[in-house]
Amino acid sequence: MPKLTERERLTELETRRRKLLEEIEAARLSLRSRYAAVIQQLPVETLTERKLRELVQLSIQLGGAAALAALRPLLPSQSPGKKAAAPR
C-alpha cells in the first residue's frame with residue numbers, strides 16, 4: 001500500500017472523524033428515544049411542561065444518585081403493612 005501524502009491522510013482522517021460524529025449522534029438519539037419511551041409510561045400529566053423540564057434538567061445536573069438521595073426523603077413514609085418498592 002503506497003504511503004499517503006499529508007493531504008490524503010488529512011482527508012482520510014476528516015472522513016473518519018465525520019463518520020464517528022455521525023455514529024455518536026445516532027447513539028445519542030437512540031438513547032434519548034429509549035428514555036422518552038420511559039417518560040411516556042409515567043403519569044407526568046400532573047406536572048407542567050416547564051416543571052418537568054426543570055426537574056429533569058436539575059436531576060441531570062446533580063447526577064442521578066445525588067438527585068435520588070435528595071428526593072427520596074421527601075416521599076411520605078410507607079404505611080406499616082406495605083413493603084417499600086425495591087430501588088432500581
Q. Given the rule that I, L, V, M, F, W and Y join up when any side-chain heavy atoms are under 4.5 Å apart, are Leu13 and Leu20 in one cluster?
A. no
Q. Hey, are Arg16 and Glu12 close enough for a salt bridge, meaning a charged N less than 4.0 Å from a carboxylate O?
A. yes
Q. Step by step, would you call Arg17 with Glu14 a salt bridge (Lys or Arg N to Asp or Glu O under 4.0 Å)?
A. CA-CA 5 Å; Arg17 181 171 74 68; Glu14 286 290 337; 3.0 Å; yes
Q) Is any side-chain heavy atom of Leu58 less than 4.5 Å from a side-chain heavy atom of Gln61? A) yes
**Q.** Shared hydrophobic cluster for Ile60 and Leu29 (ILVMFWY, side-chain gaps under 4.5 Å)
**A.** no
Q | Contacts of Arg53 that satisfy salt bridge (charged side-chain N to carboxylate O under 4.0 Å, His left out) - sequence neighbours left out | A | Glu49
Q) With sequence neighbours excluded, what pairs up with Leu71 under the side chain to side chain contact (heavy atoms under 4.5 Å, CB included) test? A) Leu74
Q.
Please determine whether side-chain contact (heavy atoms from CB on, under 4.5 Å) holds for the pair Lys51 and Thr48, giving the CA-CA distance in whole Å, both sets of side-chain angles, and the decisive distance to 0.1 Å.
A. CA-CA 5 Å; Lys51 292 294 181 190; Thr48 64; 3.1 Å; yes
**Q.** Any pair counted as side chain to side chain donor-acceptor pair (under 3.5 Å), so long as it reaches residues 19-30, sequence neighbours left out
**A.** Glu25-Arg28
Q. Under a single-linkage definition using a 4.5 Å side-chain heavy-atom cutoff for Ile, Leu, Val, Met, Phe, Trp and Tyr, are Ile24 and Leu31 assigned to the same hydrophobic cluster?
A. no
Q: Check whether Val56 and Val38 end up in the same hydrophobic cluster, where Ile, Leu, Val, Met, Phe, Trp and Tyr are linked by side-chain heavy atoms less than 4.5 Å apart.
A: no
**Q.** Exercise: identify the closest heavy-atom pair between Lys3 and Glu8
**A.** O-OE1, 4.5 Å
